Amino acid sequence: MTDMFDRSQVWPHAKLMGAEAVAFDEATQTITMRFSAPPEFITPRGSVQGGLVAGFLDEAMGWAYTRATGGTHSPLMLDLNISLLKPVPEGPLMAKGRVVKSGRRVLFLEAELMLEDGTVVARSTSTAIPTENPGITG
């Protein structure tokens, strides 16, 4: 799924997270993404630092909405709530981000972060404002 939505080709932070779009379901406005937690993200306890876990979830939610708009808009997050369900290990991860409700003035987004076997390790929700992406058309 390499196209204009492949953030790793454009944004250094996405490359650092190993972000890769795998699939997008138009009907449910859900994106599936692959990530890789590098050794630099690991705390002395042996798991990814919580704020960096939030980054994976934020990325998936943001791209769910951006894909849903054909790239014309992205979310400006007002809040981000996360639940860390299990320690997040170094290495490959999967995420599903989705648009729960999209309005003209407010968005509701959610995401889950999983191990490769499907075990959910973190969840998040976000309230956001839709913002135009200058110079990008759908």
Side-chain angles (χ1 to χ4, degrees):
M1 182 178 195
T2 303
D3 58 19
M4 69 181 261
F5 299 103
D6 184 359
R7 280 189 158 183
S8 66
Q9 302 304 311
V10 182
W11 290 278
H13 76 274
K15 188 172 186 176
L16 181 63
M17 295 189 303
E20 177 188 349
V22 175
F24 182 71
D25 183 327
E26 292 272 346
T28 62
Q29 297 186 327
T30 301
I31 195 164
T32 301
M33 296 186 74
R34 188 173 290 122
F35 294 98
S36 181
E40 295 82 4
F41 284 20
I42 305 303
T43 69
R45 290 187 171 161
S47 59
V48 176
Q49 191 270 345
L52 298 170
V53 172
F56 294 126
L57 295 161
D58 178 46
E59 196 76 4
M61 288 185 292
W63 272 108
Y65 179 67
T66 300
R67 284 301 301 246
T69 67
T72 63
H73 289 73
S74 288
L76 175 61
M77 303 300 191
L78 296 174
D79 67 20
L80 176 68
N81 302 290
I82 68 169
S83 296
L84 300 169
L85 306 173
K86 295 180 181 271
V88 178
E90 176 183 343
L93 299 165
M94 296 295 292
K96 288 194 181 276
R98 58 193 142 285
V99 178
V100 175
K101 183 170 172 53
S102 175
R104 289 179 35 212
R105 295 176 48 138
V106 69
L107 310 168
F108 298 95
L109 309 167
E110 65 184 14
E112 291 182 333
L113 187 66
M114 298 155 265
L115 303 179
E116 286 189 304
D117 69 4
T119 302
V120 177
V121 293
R123 289 191 171 124
S124 65
T125 60
S126 180
T127 307
I129 296 171
T131 61
E132 288 186 32
N133 287 330
I136 298 177
T137 57

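All values derive from a computational prediction rather than experimental measurement.
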#### Entry: Contacts of type side-chain contact (heavy atoms from CB on, under 4.5 Å), residue S36, not counting sequence neighbours
none
### Summary
Residue pairs meeting salt bridge (Lys or Arg N to Asp or Glu O under 4.0 Å), one or both in residues 76-93, sequence neighbours left out, come to none
### Any P89 side-chain heavy atom under 4.5 Å of V48 side chain
no
### Minimal non-hydrogen separation, P87 against S47, with atom names
CB-CB, 3.8 Å
### Query
So, do L78 and I129 sit near enough that their side-chain heavy atoms are less than 4.5 Å apart?
yes
### Message
Rounded to the nearest 0.5 Å, what separates atom NZ in K96 from atom CG in L113?
### Response
12.5 Å
### Query
Within a strict 4.5 Å, meaning less than it, do heavy atoms of the V121 and L85 side chains meet?
no
#### Entry: Linked, directly or transitively: L52 and M33 (ILVMFWY side chains, under 4.5 Å)
yes
### Hydrophobic cluster membership, V88 vs L115, 4.5 Å side-chain cutoff
yes
#### Entry: Pairwise side-chain contact, F108 with T127, heavy-atom cut-off 4.5 Å (strictly under)
yes
### Task
Using ring pair (Phe, Tyr, Trp, His ring centres under 6.0 Å) as the criterion, list what pairs up with Y65, not counting sequence neighbours.
none
### Summary
Sorted by chain and residue number, the side-chain contact (heavy atoms from CB on, under 4.5 Å) partners of E112 (sequence neighbours excluded) come out as R98, M114, V120, R123
### Message
Testing the 3.5 Å rule here: is there a donor-acceptor pair between the side chains of S74 and T131?
### Response
no
### Query
Only one of I82, L107, N81, L80 clears side chain to side chain contact (heavy atoms under 4.5 Å, CB included) with S126; which?
L80
## Note on the structure
So the salt bridge (Lys or Arg N to Asp or Glu O under 4.0 Å) pairs with at least one residue in residues 29-40 (sequence neighbours excluded) are E20-R34
### Query
Excluding sequence neighbours, so at least two apart, what forms side-chain contact (heavy atoms from CB on, under 4.5 Å) with T28?
D25, T30
### Task
State, yes or no, whether a side-chain contact exists between E59 and H13 at a heavy-atom distance under 4.5 Å.
yes
#### Entry: Beyond-backbone contact of T72 with N133, side-chain heavy atoms, under 4.5 angstrom
no
### Task
Output, in order, the C-alpha distance, side-chain angles, deciding distance and verdict of side-chain contact (heavy atoms from CB on, under 4.5 Å) for H73 and T66.
CA-CA 6 Å; H73 289 73; T66 300; over 6 Å; no
#### Entry: Where F24 and A64 come nearest, the two heavy atoms and their spacing
CE1-O, 3.6 Å
### Message
Which residues pass the side-chain contact (heavy atoms from CB on, under 4.5 Å) test with A111, not counting sequence neighbours?
### Response
L57, A60, M61, S124
### Query
Any side-chain heavy atom of M17 sitting closer than 4.5 Å to one from F41?
yes
